[in-house]
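Whatever order the structure lists them in is the order used to number ligands and atoms, beginning at 1.
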Amino acid sequence: MDVLSVTSEIYPLIKTGGLADVTGALPKALLGHGVKIRTLVPGYSRLRPLLKNRLPLLVFDDLLGEPAALHALEIDGLDLFVLDAPQLYDRPGGPYIDGQGHDHADNWKRFAVLSLAGAEIAQGALPGWKPDVVHTHDWQTALTSVYMREMGSTTPVVLTIHNLAFQGQFSSSLLPAIGLPPQAYAMDGLEYYGDISFLKGGLLTADYITAVSPTYAREILSARFGMGLEGVLSERMDRLRGIVNGIDQEIWDPASDPYLVAPFDLKTLGWKGPNKQHLLERFGLDTDEGPLFSAISRLTWQKGMDMLAETADEIMAGGGKLIVLGQGDRDIEQALLDVAGRFPGRMAVEIGYDEETAHMIHGGADAIIQPSRFEPCGLTQLYALRYGCVPIVSRTGGLSETIIDANDAAMSARAATGFQFHPVAAPALRDALRRALDAYRVPKDWRRLQLQGMRADYSWERSAAQYADIYKTLLKQAPHAPEQPRSSAF
Ligand code: ADP
Ligand code: GLC
């Protein structure tokens, strides 16, 4: 079966978070299930040098007024279609923000064009290749199914929600510019509190919706987590399912990780020691005994990093140390830097994004803190488990179902893998930090937690099978004769 995945990020080429990890890992994981995925991505600056001296597969003269060329590229085992439109994608900054941290003003067009190209491919624009199923991810590519339905395509579409907080909300005056008819601006269309929402359009026109954990799939039906889309999601409940993310076990393997000074596995956990020493030195921290806590995260309200700034002193009071790697909201960055300033040699904050350092932290730290206010799945805690780095997490979304709290019952059943806290507020986090500090003082218990975490299986195997199952079911149900193009999908 051929699947077209349409995404704004893919590891290792372009990543701002877990979305890239998932879109990068799924193609490999699904190969064993008879599914061949080709992924459409924008031709960002980093990708353009790879297109040099290559002929495009296809030239689009006019995608919402923009010319673009489609290139095929095989890289790191990924089969890519790269949409080259330098006026849209080749510019400084990240995929969504410019060098000053502001959204690119034309994000609406950049991702509408990407989605339209996806729809054209789904409709057979490429001679000799047409997908059986299309898979879209988050608001950035949610319009793909809207365009496909406008074109009369009946090819099944799966939309995965990685984070409902980002919805692609823009002024309704842009509707003509994204090539959609006026009737798309309706309650049962893209209309969203007076604006338009790309994600809402996708939720209404995809054949199946997945969220990245079963808990999150339930949570988003409520007003608290639904971010205004709970009504739309509730209407589509029979077509919504949670599938927990897996991890790429080749990239995240402490036994072969090139970024660790001393690779280790279950049997050689003691080798974590030299990694910890190296990490402490790298961050200029004291090298005395005591637990080393860490956080690798976007520094945002979602991730509860303000709560970490508020409670970090608890770690130092208990004889621990803390390393934070991340970037995000200026206020939260500053709050963390201020606390670190109060604890020289005990706490270090690095503002930035660095894949290699992230690996080193997982390898050397004793614990990782993820106090998210909501967390669709979360991958950091899964990487940490594999590296014997014990997660301390809030009880929400994917965190609640991937980490087993070290309560007495779970400890004696040898099932615990970390610490959970609830409610998601600073006092409960403080309490969890104290529990972790206490557990660290009993080496036998701590080691057991580490080993149990390292044994937990979060490979893609089970989850990939669930995606394959959805694709196959949809394909079986899809009408074979193409419908007449409708005047509007709405
Ligand atoms: P989200 O996608 O919401 O940010 P996830 O836990 O799903 O959260 O994924 C985050 C991914 O980004 C992980 O691979 C994590 O290691 C990585 N990451 C986050 N911040 C940084 C950083 N500052 N440096 C390196 N990697 C980071
Ligand atoms: C989003 C979510 C995160 C999830 C990731 C990959 O960025 O915030 O929880 O793990 O997508 O699905």
Side-chain angles (χ1 to χ4, degrees), residues 5 7-12 14-26 29 94-96 135-141 159-167 199 210-217 219-220 225 227 242-248 251-252 257 259 294-305 308 323-329 332-333 336 348-363 365 368-387 389 391 393-394 396-403 458 460 463 467:
S5 170
T7 178
S8 56
E9 296 185 33
I10 189 163
Y11 181 88
I14 187 86
K15 166 169 167 179
T16 71
L19 167 63
D21 288 348
V22 173
T23 55
L26 258 183
Y96 319 119
H135 194 155
T136 60
H137 302 269
D138 277 351
W139 74 267
Q140 295 90 328
T141 58
L159 164 62
T160 295
I161 303 171
H162 297 264
N163 195 337
L164 204 58
F166 305 104
Q167 304 185 347
L199 184 60
T210 65
V212 289
S213 70
T215 307
Y216 191 59
E219 287 174 342
I220 55 180
F225 293 99
M227 311 260 170
I243 302 179
V244 72
N245 288 331
I247 63 171
D248 187 320
I251 294 165
W252 295 97
D257 193 320
Y259 302 126
S294 65
I296 305 168
S297 179
R298 290 187 282 122
L299 302 180
T300 61
W301 185 87
Q302 175 198 340
K303 299 289 180 180
M305 285 292 136
L308 179 61
I323 288 174
V324 179
L325 169 66
Q327 61 186 18
D329 297 349
I332 299 182
E333 290 178 355
L336 285 161
V349 175
E350 187 167 299
I351 303 297
Y353 188 97
D354 187 59
E355 202 77 28
E356 176 173 346
T357 311
H359 282 252
M360 285 167 53
I361 294 177
H362 284 298
I368 197 154
I369 308 164
Q370 250 174 296
S372 307
R373 289 195 168 83
F374 65 94
E375 193 61 78
C377 178
L379 292 169
T380 316
Q381 83 279 10
L382 304 180
Y383 301 143
L385 286 177
R386 196 116 203 270
Y387 282 67
C389 177
V393 303
S394 49
T396 186
L399 298 175
S400 65
E401 63 192 66
T402 54
I403 302 303
Y458 283 103
W460 266 107
S463 301
Y467 280 111

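- Atoms OG1 and CG, from T402 and N245 in turn, are 10.0 Å apart once rounded to the nearest 0.5 Å.
- Numbered from 1 in the order shown, with element, the atoms of ligand 2 that lie under 4.0 Å from a heavy atom of P376 read 2 (C), 8 (O), 9 (O).
- Ligand-side atoms of ligand 1 in range of G378: 6 (O), 7 (O), range being under 4.0 angstrom from any heavy atom.
- Remark: the backbone N or O of E9 is paired with a side-chain donor or acceptor of T23 at under 3.5 angstrom.
- Put simply, the side chain of P95 reaches to within 4.5 Å of the side chain of T16, judged on heavy atoms.
- In terms of protein heavy atoms, atom 12 (O) of ligand 2 is closest to H162 ND1, 2.7 Å.
- A 4.5 Å side-chain heavy-atom check between S394 and Q370 finds every atom pair outside the cut-off.
- Ligand-side atoms of ligand 2 in range of N163: 8 (O), range being under 4.0 angstrom from any heavy atom.
- The heavy atom nearest to atom 9 (O) of ligand 1, considering only A165, A20, G18, is found in G18.
- Within the listing of ligand 1, atoms 6 (O), 15 (C) sit less than 4.0 angstrom from a heavy atom of T380.
- A heavy-atom distance below 4.5 Å is not found between the side chains of I161 and F166.
- Contact atoms of ligand 2 toward V212: 12 (O) (distance under 4.0 Å to a heavy atom of the residue).
- Remark: the backbone N or O of E375 is not paired with any side-chain donor or acceptor of S372 at under 3.5 angstrom.
- Atom 20 (N) of ligand 1 has its nearest heavy-atom neighbour, among A358, G328, S297, A384, in S297.
- Nearest to atom 8 (O) of ligand 1 by heavy-atom distance, out of K303, E375, Q327, H362, is K303.
- You'll find the side chain of L299 reaches within 4.5 Å of the side chain of V324, heavy atoms only.
- In terms of polar-atom proximity, K303 is not counted as a contact of ligand 2, lacking any N or O under 3.5 Å from an N or O of the ligand.
- In this structure, of H162, R298, Q381, the residue bringing a heavy atom nearest to atom 3 (O) of ligand 1 is R298.
- For the residue pair S213 and P376, the shortest heavy atom distance occurs at OG-O, 2.7 Å.
- At least one N/O-N/O distance between C377 and ligand 2 falls below 3.5 Å.
- Contacts of T160 with ligand 2, taken as heavy-atom pairs under 4.0 Å, are absent altogether.
- From E219, atom CD reaches atom OG1 of T396 across 4.0 Å, with rounding to the nearest 0.5 Å.
- Checked against a 6.0 Å centroid threshold, the rings of Y383 and H359 do not count as neighbours.
- At a heavy-atom distance under 4.0 Å, only side-chain atoms of V22, from C-beta outward, approach ligand 2.
- Of the candidates Y353, W252, Y383, Y353 brings a heavy atom nearest to atom 21 (C) of ligand 1.
- Using a 4.5 Å heavy-atom threshold, the side chains of N163 and V212 count as separate.
- Heavy-atom proximity to G326, at under 4.0 Å, picks out these atoms of ligand 1: 23 (N).
- For ligand 2, the atoms lying closer than 4.0 Å to a non-hydrogen atom of Q302 are 8 (O).
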Item checked: Check against side-chain contact (heavy atoms from CB on, under 4.5 Å), T7 and Q140 -> CA-CA 7 Å; T7 178; Q140 295 90 328; over 6 Å; no
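- Residue E355 has no N or O atom closer than 3.5 Å to an N or O atom of ligand 1.
- Counting heavy atoms closer than 4.0 Å to ligand 1, residue K15 contributes side-chain atoms (C-beta onward) but none from N, CA, C or O.
- Each of the atoms 22 (C), 23 (N) of ligand 1 lies under 4.0 Å from some heavy atom of G352.
- Here the CG-CD distance, from D354 to E350, works out to 6.5 Å after rounding to the nearest 0.5 Å.
- Scanning all protein heavy atoms for the shortest distance to atom 9 (O) of ligand 2 gives E375 OE2, 2.5 Å.
- Counting protein heavy atoms only, atom 7 (O) of ligand 1 is closest to L379 N, 3.4 Å.
- D329 places no side-chain N or O within donor-acceptor distance of the main-chain N or O of I332, the cut-off being under 3.5 Å.
- Here is the list of ligand 2 atoms found below 4.0 Å of a heavy atom in G18: 5 (C), 6 (C).
- One option in T16, V324, I296 has a heavy atom closer to atom 16 (O) of ligand 1 than any other, and that option is I296.
- L159 is listed as a side-chain neighbour of L199, based on a closest heavy-atom distance under 4.5 Å.
- Looking at G378 next to ligand 2, an N or O pair under 3.5 Å apart turns up.
- Closest heavy-atom approach to atom 24 (N) of ligand 1 within the set D354, D21, I351: this belongs to D354.
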